[in-house]
Amino acid sequence: MKNIIPPVKGTRDFYPEQMAVRTWLYATVRRVSESFGYQEYEAPILEALALYAAKSGEELVKKQSYVFTDRGGEEITLRPELTPSLARMIAQKQGELALPARWWSFGPFWRYEKMQKGRSREFFQWNIDLLGVNSAEADAEMVAVAASFLKAVGLTPEKACILVNDRRFMEAEFEALNITPAMKTEVSGLVDRREKMEPAAWEAYALEVGLSPAQLEGLKNLLADKEAWRRSADLVRLFAALKALGADEYVRFDPNIVRGLLYYTGTVFEAFDVSGSVRRAILGGGRYDNLLKDVGGEPLPAVGFAMGDVVIGIILQELGLIPTLATSPASVLVTVFSAELQPGSLALAAELRRAGLNVNCYPEPVKLPRQFKFADRMGMRVVLVLGPDEAANGNITVKNLSSGTQEVLKRTAVLEAVKRILEKS
RNA sequence: GUGCCUGUAGCUCAAUGGCAGAGUCCCUGACUGUGGAUCAGGUUGUUGUGGGUUCGACCCCCAUCAGGCACCCCA
């Protein structure tokens with residue numbers, strides 16, 4: 001065991017059991033995305049480093065990206081996020097795409113991070129975006145998709161919520177406090193950090209950044225004001241649309257949500273697990289109206305969000321919301337009684353497969369208890385036995401593993417009998 | 001990059017500085033053509049690694065590696 005080369009730090013081996021969970025998550029994401037009419041797409045996993053240099057944020061590009069130089073001397077990165085690739089794909093075909101575009105994707109991403117709960121270096125992320133519309137209703141649809149997902153995986157409004165804010169609104173409020181545009185980014189960072197710092201330390205930091213005591217007081221009042229959204233026409237429209245979409249029970253205004261990525265220009269939102277064993281966002285996103293122009297396309301407004309598989313996986317696991325998934329894709333095992341009867345078992349298995357069943361035929365004539373135990377461990381539901389007695393009379397023994405009952409049937413009746421057992425689920 | 005905690009059987013974990021153990025899993029049998037239950041028996045270790053203290057170290061000390069948690073950032 002000592003000689004085994006371990007997996008690369010931060011990666012996960014997906015054994016069949018875990019792969020089944022990932023596939024289930026992917027299927028759920030697909031169902032929710034498609035229910036709103038979104039189309040699946042995929043981008044390259046390798047991208048030029050330059051694609052991210054402009055807009056993703058210093059931390060993400062300089063410290064968290066896997067970068068290497070390829071044999072042609074190009075600086076290549078394993079993609080740390082998808083949005084810049086999406087922006088490029090849209091920009092390249094802007095003249096010929098049917099807009100607005102509703103696109104979604106689910107695939108691997110890499111970030112060189114310190115390992116801790118909810119964070120790995122290779123993770124799988126759902127991205128979903130609505131491009132070509134700038135309206136509160138478009139933002140509301142995106143939030144409603146997120147709410148629809150939470151509902152689909154069994155996270156009720158008591159267990160999870162989506163916190164919403166608007167950067168344009170916050171900037172207007174900053175302006176009302178005489179916070180200069182030059183200080184905007186710093187103050188946003190300040191807001192982003194508030195939950196994580198001691199109140200006294202946070203206030204000291206605020207004054208250090210350059211806020212006057214009066215501005216700090218105003219900022220604290222703003223961040224505490226859960227009704228402040230009523231002063232924003234956009235947010236009022238957004239919440240009205242969410243109510244019409246039936247997603248409002250998941251959604252709350254929260255002026256503390258600003259998000260780190262530089263390219264967000266308007267609505268921003270994050271979903272959290274309320275019970276909170278993981279103090280990280282389940283998903284996060286917002287409006288980014290300048291990104292297409294910034295990667296060299298025609299200006300095109302857009303809104304979207306991303307969800308990593310790690311945090312949601314932990315939460316669903318802890319809340320027992322991951323369904324029991326079949327271990328074996330085949331629910332039927334054909335046993336092999338002896339070397340002489342093995343061809344008969346192979347033929348029986350093949351016959352059932354031709355009839356559309358998934359069938360596992362034991363690969364060697366070992367003793368029956370072992371084969372039954374294997375069927376049990378694999379979660380199979382029906383075991384077929386073709387032994388000397390059956391062979392002599394043209395019969396097959398059909399055993400129902402869930403009930404423990406079995407019957408000896410004519411071979412021609414086996415298919416129907418197996419189907420009946422499987423249908424009973 | 002900073003701080004704290006943890007490394008013992010495949011897995012989960014015990015063991016006042018004094019013979020390294022239990023549960024689980026696995027294997028065998030009770031049951032030679034039947035799994036999941038029960039019972040009996042059995043296998044499983046360089047105690048992360050390297051030094052030191054000691055008559056004696058899983059235990060104490062130092063170093064190192066790995067993992068976890070928090071900070072930073074973020075899905």
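Atom set for the values below is all heavy atoms of this structure, side chains included, hydrogens, waters and symmetry mates excluded. All values reported here derive from a predicted model rather than from experimental measurement. In the text below, chain A, chain B and the rest are named by the order of the sequence lines, each starting its count at 1.
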Answer whether the closest heavy-atom distance between the side chains of [X] and [Y] falls below 4.5 Å.
| X | Y | answer |
| --- | --- | --- |
| A/R381 | A/L422 | yes |
| A/P80 | A/Q64 | no |
| A/L348 | A/R411 | yes |
| A/P108 | A/F124 | yes |
| A/V408 | A/N395 | yes |

Please give, in whole Å, the distance from [N] [atom2] to [X] [atom1]?
| X | N | atom1 | atom2 | answer |
| --- | --- | --- | --- | --- |
| A/F109 | B/A75 | CZ | C1' | 10 Å |
| A/Y112 | B/C72 | OH | C1' | 16 Å |
| A/L368 | B/U32 | CG | C1' | 11 Å |
| A/I396 | B/G33 | CD1 | P | 18 Å |
| A/E113 | B/G1 | CD | P | 15 Å |
| A/R121 | B/C73 | CZ | P | 18 Å |
| A/L283 | B/C74 | CG | P | 16 Å |
| A/D309 | B/A75 | CG | P | 14 Å |

Could you state the interatomic distance from [atom1] ([X]) to [atom2] ([Y]), rounded to the nearest 0.5 Å?
| X | Y | atom1 | atom2 | answer |
| --- | --- | --- | --- | --- |
| A/W229 | A/L235 | CH2 | CG | 8.5 Å |
| A/R168 | A/T265 | CZ | OG1 | 6.5 Å |
| A/E340 | A/Q342 | CD | CD | 10.0 Å |

Contacting residues from [range], given that a heavy atom lies under 4.0 angstrom of RNA chain B:
| range | answer |
| --- | --- |
| residues 371-380 of chain A | A/F372, A/K373, A/D376, A/R377 |
| residues 143-160 of chain A | none |
| residues 398-413 of chain A | A/K399, A/L401, A/S402, A/G404, A/Q406 |

(request) Tell me which of A/L386 and A/G284 sits closer to the 5' end of RNA chain B, going by the nucleotide each one is nearest to. (result)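 Between the two, 5'-proximity favours A/L386.
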When rounded to the nearest Å, what value does the distance between [atom1] atoms of [N] and [M] take?
| N | M | atom1 | result |
| --- | --- | --- | --- |
| B/G67 | B/U53 | P | 31 Å |
| B/A37 | B/U28 | P | 15 Å |
| B/U47 | B/A20 | P | 10 Å |
| B/U24 | B/G41 | P | 13 Å |
| B/A14 | B/A9 | C1' | 13 Å |
| B/G68 | B/G48 | C1' | 15 Å |
| B/U54 | B/C65 | C1' | 26 Å |
| B/G52 | B/C71 | C1' | 34 Å |

Hey, are [X] and [Y] close enough for a salt bridge, meaning a charged N less than 4.0 Å from a carboxylate O?
| X | Y | answer |
| --- | --- | --- |
| A/R102 | A/D129 | no |
| A/E318 | A/K159 | no |
| A/D254 | A/R252 | no |
| A/D234 | A/R287 | no |

(message) Exactly one of A/I257, A/L163, A/D139 should register a side-chain contact (heavy atoms from CB on, under 4.5 Å) with A/V268. Which one does?
(response)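 It is A/I257; the other options fail the test.
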Which part of the nucleic acid, if any, lies within reach of [X] when heavy atoms closer than 4.0 Å are counted: base, sugar-phosphate only, or nothing?
| X | value |
| --- | --- |
| A/I312 | nothing |
| A/V385 | base |
| A/D389 | base |
| A/T335 | nothing |

(message) For B/A75, is there a stacking contact with A/F123, counting only centres under 5.5 Å and planes under 30°?
(response)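 Yes, the aromatic ring of A/F123 stacks with the base.
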(request) Taking only the side-chain heavy atoms of A/K117 (C-beta and beyond), determine which of B/C69, B/C74, B/G33 contains the nearest atom. (result)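 My answer, after comparing the listed nucleotides, is B/C69.
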(request) Measure from the side chain of A/R370, starting at C-beta and using heavy atoms only, and say which of B/G33, B/U28, B/C74 lies closest. (result)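 From the listed options, B/U28 comes nearest.
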(request) Check the pair A/T11 / A/E122 against side chain to side chain donor-acceptor pair (under 3.5 Å), numbers first and verdict last. (result) CA-CA 5 Å; A/T11 62; A/E122 181 190 48; 5.3 Å; no
(request) Quick one: the dot-bracket string of RNA chain B, using Watson-Crick and G-U wobble pairs with both distances under 3.5 Å, [ ] for crossing pairs and | for bases paired to another strand. (result) (((((((..((((....[..)))).(((((.......))))).....(((((..]....))))))))))))....
(message) For a quick check, tell me whether the side chain of A/R111 and the base of B/A75 share a donor-acceptor pair closer than 3.5 Å.
(response)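 Donor-acceptor pair under 3.5 Å: yes.
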(message) Using a distance-only criterion (donor-acceptor N/O pair, under 3.5 Å, no hydrogens), is the base of B/C74 paired with the side chain of A/R280?
(response)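 In this structure, the two groups form a donor-acceptor pair.
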(message) I'd like to check the ring-ring contact (aromatic ring centres under 6.0 Å, His included) partners of A/F149; sequence neighbours left out, ordered by chain and number.
(response)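 Testing A/F149 for ring-ring contact (aromatic ring centres under 6.0 Å, His included), a comparison that skips the adjacent residues, returns A/W126.
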(message) Taking ring-ring contact (aromatic ring centres under 6.0 Å, His included) as the cut-off, I'd like each qualifying pair that reaches into residues 371-411 of chain A, sequence neighbours left out, listed once.
(response)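 For residues 371-411 of chain A, and leaving out neighbouring residues, the ring-ring contact (aromatic ring centres under 6.0 Å, His included) pairs sorted by first residue read A/Y362-A/F374.
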